[in-house]
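Source: prediction; values computed, not measured. All values below were derived from every heavy atom in this structure, side-chain atoms included, with hydrogens, water molecules and symmetry-related copies excluded.
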Amino acid sequence: MPAEFVCNASEKQLCSLGQVCQRGVVTVFAKFEATAPGKARYSRCDRHGCDAYEADTYNSGDFLLIELPGRATFAKVGADGSWTEVVSLGHEVILARGQCMIEQPSSR
């Protein structure tokens with residue numbers, strides 16, 4: 001079974017057209033796992049649950065790039081686990097930064 005990564009944001013910024021970006025309250029986290037070469041399942045989660053999307057993945061230097069086709073969303077994960085997610089909603093852009101870790105299976 002492929003490893004699932006959980007990415008927790010430590011910082012969020014909201015950027016609106018014609019305004020300076022503002023710090024926002026962190027309310028989401030992301031999870032992803034490879035499903036095939038160049039493909040992944042990427043989930044954006046909050047206290048209500050997760051929405052899962054099929055994603056394309058690419059390697060660029062020390063970064064894994066994750067793109068959600070048709071969603072105006074992408075993420076970059078560094079070799080050190082650093083994570084940046086960019087989401088475009090209308091004319092607003094939301095930036096989240098944090099750290100990804102391998103999710104440990106729960107003990108039963």
Can you name the closest pair of heavy atoms from [X] and [Y] and give their distance?
X      : Y     : result
Ala30  : Tyr42 : CB-OH, 3.4 Å
Cys100 : Trp83 : SG-CB, 3.5 Å
Ala40  : Thr35 : N-OG1, 3.6 Å
Val26  : Ser10 : CG2-C, 4.1 Å
Ala9   : Ala96 : CB-CB, 4.2 Å

message: Please determine whether the number of non-hydrogen atoms from other residues, nucleotides or ligands lying under 6.0 Å from atom CZ of Arg97 exceeds 12.
response: yes
What's the spacing between [X] [atom1] and [Y] [atom2] if we round to 0.5 Å?
X     : Y     : atom1 : atom2 : value
Leu14 : Arg23 : CG    : CZ    : 11.0 Å
Leu68 : Arg44 : CG    : CZ    : 8.5 Å
Gln22 : Ser16 : CD    : OG    : 8.5 Å
Leu89 : Thr73 : CG    : OG1   : 7.0 Å

How about [X] and [Y]: do any of their side-chain heavy atoms sit closer than 4.5 Å?
X     : Y     : value
Val87 : Glu85 : yes
Cys45 : Lys31 : yes
Phe32 : Leu64 : yes

- prompt: Does Glu103 reach the main-chain N or O of Met101 with its side chain, forming a donor-acceptor pair under 3.5 Å?
  reply: no
query: If two hydrophobic side chains count as joined below 4.5 Å and joins carry through other members, does Ile102 share a cluster with Ile66?
result: yes
statement: Here the side chain to side chain donor-acceptor pair (under 3.5 Å) pairs for residues 45-56, sequence neighbours left out, are Lys39-Asp56
Whichever hydrophobic residues join Phe74 through chains of side-chain contacts under 4.5 Å: Val86, Val93, Leu95
